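Bear in mind that the values here come from a model prediction, so they are computed numbers and not experimental data. Indexing begins at 1, ligand by ligand and atom by atom, following the structure's order.
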Amino acid sequence: MTTETLLRARDLAIRFGGVAAVQGVSLSLSDGELRCIIGPNGAGKSTLFNLLAGSLKPDHGTIEFGGRSIVGLAVHEFARVGIARKFQVPSLFTSLTVRENLSVASRVREGAMNREARIERTLVDLELEDCVNVLAGELPHGQKQWLEIGMALMSRPRLLLLDEPTAGMGPEETQKTARLLLGLASSLTIVVIEHDMYFVRALASPTLVLHQGQIIAEGNFADIERNDLVRDVYLGRQ
Ligand SMILES: Nc1ncnc2c1ncn2[C@@H]1O[C@H](COP(=O)(O)OP(=O)(O)OP(=O)(O)O)[C@@H](O)[C@H]1O
Ligand SMILES: [Mg+2]
């Protein structure tokens, strides 16, 4: 693992009418790190992802990715520079098999070398080997989510943004998702938005707490859990 800075965002801000959804947010992500973002409903977590993934343009602030400014690029160009995103709503091809879904996703990236090897590797990384020929629509909920992560990986991203990947999962699937993500990080950078404290605790990773559009705390999750301000605005309500 290297510690090169992959992404550096400075002083990001965006308003929706009277709401400052994100204000004065700065963050740096290193190559191969796993970072969690937590915060109460409406804190600005998904909006921050929209800014980092190019779906929204900040009113203010800069974002550098691999040393290059990416603010103002078109959404498809964000994907091309290596930023992939999994939305909460599943977007699988339900009448295709697991392998076919990965195959379709692998074609998104032109000139991808060694597509088959990449599909095999992804099946192993996400522990989907036993259901390669199952129709995606017939997978249990957890495996659907893992397949979606696999599809995002087929574009060979350097940064993967996951918005609430364990939504709707039971404890076992949640725990497994944590294990899978810990295995994937190091070969790419992953940022996870999550509400499930059980999951964030299992990741035991550097965590950033958003509240009313601002970062109110950051550090290891163990320290975050002990932070009085964080407990007041968020954890205390769990
Ligand atoms: N497209 C939009 N238009 C207007 N307001 C928006 C838009 N997107 C988000 N907001 C507002 O910005 C604020 C931050 O919303 P955001 O969705 O980023 O929160 P969140 O932290 O992801 O919350 P949740 O945990 O509920 O997903 C909220 O007040 C929300 O109503
Ligand atoms: Mg959200």
Side-chain angles (χ1 to χ4, degrees), residues 7 9-27 29 34-63 65 70-76 78-79 83-91 141-142 144-145 148-149 152 157 159-171 173-174 177-178 181 189-203 205-219 221 224-225 227 229-238:
L7 179 140
R10 286 198 187 89
D11 210 14
L12 291 179
I14 187 167
R15 300 183 74 89
F16 299 113
V19 179
V22 169
Q23 45 182 334
V25 168
S26 298
L27 77 145
L29 298 170
L34 177 58
R35 182 81 62 96
C36 298
I37 299 179
I38 63 172
N41 292 117
K45 305 181 297 297
S46 296
T47 303
L48 178 59
F49 264 20
N50 285 330
L51 296 173
L52 298 181
S55 327
L56 287 173
K57 190 170 177 290
D59 298 333
H60 186 267
T62 60
I63 308 173
F65 187 77
I70 55 170
V71 170
L73 293 184
V75 175
H76 70 274
F78 274 70
I83 300 177
R85 171 177 203 187
K86 186 187 111 40
F87 290 91
Q88 199 176 316
V89 183
S91 56
H141 179 73
K144 281 197 180 114
Q145 298 289 322
E148 280 227 50
I149 293 172
L159 172 62
L160 176 63
L161 304 173
L162 302 172
D163 199 343
E164 303 191 26
T166 72
M169 288 186 182
E173 289 177 329
T174 296
T177 305
L181 294 186
T189 304
I190 303 179
V191 184
V192 192
I193 292 175
E194 219 8 283
H195 271 295
D196 184 338
M197 287 305 126
Y198 177 68
F199 175 69
V200 183
R201 199 171 289 122
L203 292 174
S205 296
T207 300
L208 190 156
V209 187
L210 274 183
H211 178 51
Q212 296 177 344
Q214 295 179 302
I215 296 175
I216 58 161
E218 51 186 322
F221 185 67
I224 294 287
E225 268 193 305
N227 180 310
L229 179 58
V230 176
R231 292 174 92 95
D232 285 349
V233 304
Y234 191 41
L235 295 171
R237 306 194 316 191
Q238 292 285 301

Q: Is the backbone N or O of Gly39 less than 3.5 Å from a side-chain atom of Lys45, with the two atoms forming a donor-acceptor pair by type?
A: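 Side chain of Lys45 to backbone of Gly39: a pair is present.
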Q: Kindly compute the distance separating CD1 (Ile83) from CD1 (Ile63), expressed to the nearest 0.5 Å.
A: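 Nearest 0.5 Å value for the CD1-CD1 distance: 7.5 Å.
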Q: Among residues at least two apart in sequence or on other chains, which ones pass side chain to side chain contact (heavy atoms under 4.5 Å, CB included) with Arg15?
A: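 So Arg15 forms a side chain to side chain contact (heavy atoms under 4.5 Å, CB included) with Ala20, Asp59.
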Q: Under 3.5 Å between any N/O of Phe16 and any N/O of ligand 1: does that happen in this structure?
A: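 Between Phe16 and ligand 1 (N or O atoms, distance only) the closest approach is not under 3.5 Å.
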Q: Identify the heavy atoms of Leu160 and Ala152 that sit nearest to each other, and give their distance.
A: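 Where Leu160 meets Ala152 most closely, the heavy atoms are CD1-CB, 3.7 Å.
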Q: Is the distance from the Mg ion (ligand 2) to some N, O or S atom of Asn41 under 2.8 Å?
A: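 Within the cut-off used here (under 2.8 Å), Asn41 places no N, O or S atom near the Mg ion (ligand 2).
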Q: Determine, considering heavy atoms only, which of Ala21, Ala43, Gly42, Pro40 sits nearest to atom 12 (O) of ligand 1.
A: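 Of the listed residues, Ala21 has the closest heavy atom.
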Q: Below 4.0 angstrom from a heavy atom of Asn41, which ligand 1 atoms are there? Numbered from 1 as shown, please.
A: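 Result: 23 (O), 24 (P), 25 (O), 26 (O).
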Q: Tell me which donor-acceptor pairs under 3.5 Å the side chains of residues 49-58 have, and how far apart each pair is, sequence neighbours excluded?
A:
{"unit_1": "Asn50", "atom_1": "OD1", "unit_2": "Arg85", "atom_2": "NH1", "d": "2.8"}
{"unit_1": "Asn50", "atom_1": "OD1", "unit_2": "Arg85", "atom_2": "NH2", "d": "2.9"}
{"unit_1": "Asn50", "atom_1": "ND2", "unit_2": "Ser46", "atom_2": "O", "d": "3.4"}
{"unit_1": "Ser55", "atom_1": "OG", "unit_2": "Arg85", "atom_2": "NH1", "d": "3.1"}

Q: Atom SG of Cys36 and atom CE of Met197: how far apart are they, to the nearest 0.5 Å?
A: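 Answer rounded to 0.5 Å: 9.0 Å.
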Q: Measure the distances from the heavy atoms of Gly44 to every atom of ligand 1 and state whether one is below 4.0 angstrom.
A: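 It does; at least one heavy atom falls under 4.0 Å.
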Q: Could you tell me which atoms of ligand 1, counted from 1 in the order shown, lie closer than 4.0 angstrom to a heavy atom of Thr47?
A: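 Checking each atom against Thr47, I get 9 (C), 14 (C), 15 (O), 16 (P), 18 (O).
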Q: Please confirm whether Val19 comes within less than 3.5 Å of ligand 1 when only nitrogen or oxygen atoms on both sides are compared.
A: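 Between Val19 and ligand 1, no N or O pair is found under 3.5 Å apart.
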